[in-house]
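Beneath this line is the structure, given in structure tokens, with notes to follow.
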Protein chains: 2
Amino acid sequence: MADARTAVNPLFLREEDLRQAIELLFFAYRDFTGEADQLLVEFGFGRAHHRVIYFVGRQPGMTVSELLGILKITKQSLSRVLGTLVTEGFVTQRRGERDRRQRLLHLTAKGADLERRLTERQRQLIAAAYRAAGAEAVDGFRKVLLGIVNPADRATLLDQRRGRP
Amino acid sequence: MADARTAVNPLFLREEDLRQAIELLFFAYRDFTGEADQLLVEFGFGRAHHRVIYFVGRQPGMTVSELLGILKITKQSLSRVLGTLVTEGFVTQRRGERDRRQRLLHLTAKGADLERRLTERQRQLIAAAYRAAGAEAVDGFRKVLLGIVNPADRATLLDQRRGRP
DNA sequence: CAGATAGGGCAGTAATGTTGACATATTCTC
DNA sequence: GAGAATATGTCAACATTACTGCCCTATCTG
């Protein structure tokens, strides 16, 4: 059976193709996050804690507002999670110098360690999938996912690649 | 600045590349599910209801066990969501003929309609991203995501493409 | 018939999320 | 400098989704 779909007309998207994409996203995300979940329970943390640790580690000195914008949750939801992380010594809050209302977020050594351990598994999973798929496939993966992300965050993701933190 | 990464050695994966992948997955999944969430609240449903409606619509006559295996949640968690959907007339349970212990799940017309409306937005988002990225990129997207999915579900996803439901 | 399986139910608990109102400190603007 | 705006934190009340553990019925299979 010849596969005319990809060979001839790349824009002919069957219902089946789109459903497959939906399922791929569901299964891949489920398994991807599952990697870290096992480790998180040992600390009594959930995914919300992971996300905070990840993004603070990614951009040290981040403000609470910036974090809220990324996670797209309410102040209240973040507050509990962040409070726990600060109390248990994974994250520190330092008063901003330029704007003293801000609490700039940083990981402690303990926090950075957990971040590494959590992300390590996910990195390995991605790295294995990247290696198995090859460089061209990786570019395609990036292109499609970027197309799914809303334009504002898409721009941010692209900026980061150009070395601008 | 020459980009030796993809041009020369596809397997040299920098920390930065892997972090970008992690973030792409996070943002893409967040925005992808956000599409349907808006509609779900109008019905008083959450993502869990959507997942059930989606997979039952995908494979009519599915058993409760099969659904549990896909969602990887407990019987109890599914029970509540499924119960609501049955009570409100979105899903029906028919006793299995071969095995009368089974409750085969089907969408009602009402359920199928909601499924279409929910998935429609997500399909459009995927379709737009696919068109913007091009056929080659789509293949790469599939390859990488398949690599992230656990081997068992990966096999299922591949089987479905060959027409075997 | 005995044991395994499919499904359902109950009780209790936890994590994560929501809204809305309000307080404090700080910065910005006129 | 007064007043508006901003960044952050906090309280209360609540919903959804998930979990564990235990128990029950109906049904199938050997």
Side-chain angles (χ1 to χ4, degrees), chain A residues 26 29-30 33-34 36-56 61-88 91-106, chain B residues 26 29-30 33-34 36-56 61-88 91-106:
Chain A
F26 171 74
Y29 195 77
R30 185 198 62 182
T33 53
D37 287 351
Q38 301 161 354
L39 186 55
L40 283 164
V41 294
E42 294 176 24
F43 287 81
F45 291 155
R47 262 182 223 173
H49 299 85
H50 185 188
R51 291 195 283 261
V52 169
I53 288 179
Y54 178 85
F55 285 107
V56 171
M62 172 177 265
T63 68
V64 173
S65 293
E66 287 168 343
L67 194 48
L68 284 173
I70 287 175
L71 301 179
K72 292 227 204 307
I73 57 175
T74 59
K75 209 167 41 167
Q76 196 52 237
S77 299
L78 176 58
S79 165
R80 254 180 322 220
V81 174
L82 192 52
T84 308
L85 290 173
V86 170
T87 304
E88 299 191 12
V91 172
T92 58
Q93 296 177 309
R94 294 182 207 153
R95 182 159 290 201
E97 292 192 3
R98 211 201 53 219
D99 184 337
R100 288 158 46 84
R101 290 170 304 182
Q102 298 179 331
R103 303 297 143 86
L104 307 184
L105 305 172
H106 295 265
Chain B
F26 171 74
Y29 196 76
R30 187 198 61 181
T33 53
D37 287 351
Q38 300 162 355
L39 186 55
L40 283 163
V41 295
E42 295 175 25
F43 288 81
F45 292 155
R47 261 181 223 175
H49 300 86
H50 185 187
R51 290 194 284 260
V52 170
I53 287 179
Y54 178 85
F55 285 107
V56 171
M62 173 176 262
T63 68
V64 173
S65 293
E66 286 168 343
L67 193 50
L68 284 173
I70 287 175
L71 301 178
K72 292 227 205 306
I73 58 175
T74 59
K75 208 168 40 164
Q76 196 51 236
S77 299
L78 175 59
S79 162
R80 251 176 325 218
V81 173
L82 192 53
T84 308
L85 290 173
V86 170
T87 304
E88 299 191 12
V91 172
T92 58
Q93 297 178 311
R94 294 183 206 153
R95 180 158 290 201
E97 292 191 3
R98 211 200 54 220
D99 184 337
R100 287 160 46 83
R101 290 172 304 180
Q102 297 180 332
R103 302 298 143 85
L104 308 183
L105 306 172
H106 294 265

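Nothing here was measured: the structure is a model prediction, and the numbers come from that model. Here is the naming used below: chain letters follow the sequence lines, and residue numbers restart at 1 for every chain.
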Tell me which nucleotide among D:dC19, D:dT8, C:dT18 gets nearest to the side chain of A:R80. C:dT18
Integer-rounded Å distance: D:dA18 C1' and B:L68 CG: 13 Å
Looking at B:H49, does any N or O in its side chain come under 4.0 Å of the phosphate oxygens OP1/OP2 on D:dT17? yes
Rounded to the nearest 0.5 Å, what separation is found between the CZ atom of B:R98 and the CG atom of B:L104? 9.0 Å
To the nearest 0.5 angstrom, please state how far the CD1 atom of A:I70 sits from the CD atom of A:E66. 7.0 Å
C:dG7 P sits how many Å from B:Q93 CD, rounded? 9 Å
Just to be sure I understand the rule, does A:E66 reach a base, reach only the sugar-phosphate, or reach nothing, if contact means heavy atoms closer than 4.0 Å? nothing
Whole-Å distance, B:K75 NZ to C:dC10 C1', equals 12 Å
Rounded to whole Å, please give me the gap between CG in B:L82 and C1' in C:dA6. 13 Å
Base, sugar-phosphate or nothing for B:S65? Non-hydrogen atoms, less than 4.0 Å. sugar-phosphate
For A:I73 and A:D99, find the nucleotide of DNA chain C closest to each by heavy atoms; which residue's nucleotide sits nearer the 5' end? A:I73
Of the nucleotides C:dA11, C:dT19, C:dG8, which has the atom closest to the A:T74 side chain? C:dT19
In whole angstroms, the gap separating P of C:dT18 from CZ of B:R47 amounts to 10 Å
Check every atom of C:dG7, D:dA18, C:dA6 against the side chain of B:R103 and return the nucleotide holding the closest atom. C:dG7
Point-to-point distance, once rounded to the nearest 0.5 Å, from CZ of A:R103 to CZ of A:R94: 14.0 Å
Can you tell me which nucleotide in C:dT26, D:dT17, D:dT27 comes closest to the side chain of B:R95? D:dT27
Check the pair B:Q93, B:L82 against side-chain contact (heavy atoms from CB on, under 4.5 Å), reporting the backbone distance first and the verdict last. CA-CA 10 Å; B:Q93 297 178 311; B:L82 192 53; 3.9 Å; yes
Selection from D:dT8, C:dG8, C:dA6 that lies nearest to any side-chain heavy atom of A:V64: D:dT8
In Å, rounded to the nearest 0.5 Å, how long is the span from CD of A:E88 to NE2 of A:H49? 7.5 Å
Counting heavy atoms from C-beta on, name the nucleotide in C:dT27, D:dT27, C:dA6 closest to the side chain of B:Q102. C:dA6
Atom CZ of A:F43 and atom C1' of C:dA15 are separated, to the nearest Å, by 18 Å
Determine the interplanar angle of the A:F43 and A:F45 rings, folded into 0 to 90°, and report it as parallel if under 30°, tilted if 30 to 60°, perpendicular if over 60°. parallel
Give the nucleotide from the list C:dT18, C:dA25, C:dG7 with an atom nearest to the side chain of A:R101. C:dA25
By nearest atom, which of the nucleotides D:dA7, C:dG17, D:dC19 is closest to the A:R51 side chain? C:dG17
Of A:E97 and A:F45, the one whose closest DNA chain C nucleotide lies more 5': A:F45
Check whether any side-chain N or O of A:S79 sits under 4.0 Å from OP1 or OP2 of D:dG9, and answer yes or no. no
Spacing of B:R94 atom CZ relative to C:dG7 atom C1', expressed in whole Å: 18 Å
Atom CG of B:L78 to atom P of D:dT16: distance rounded to whole Å? 17 Å
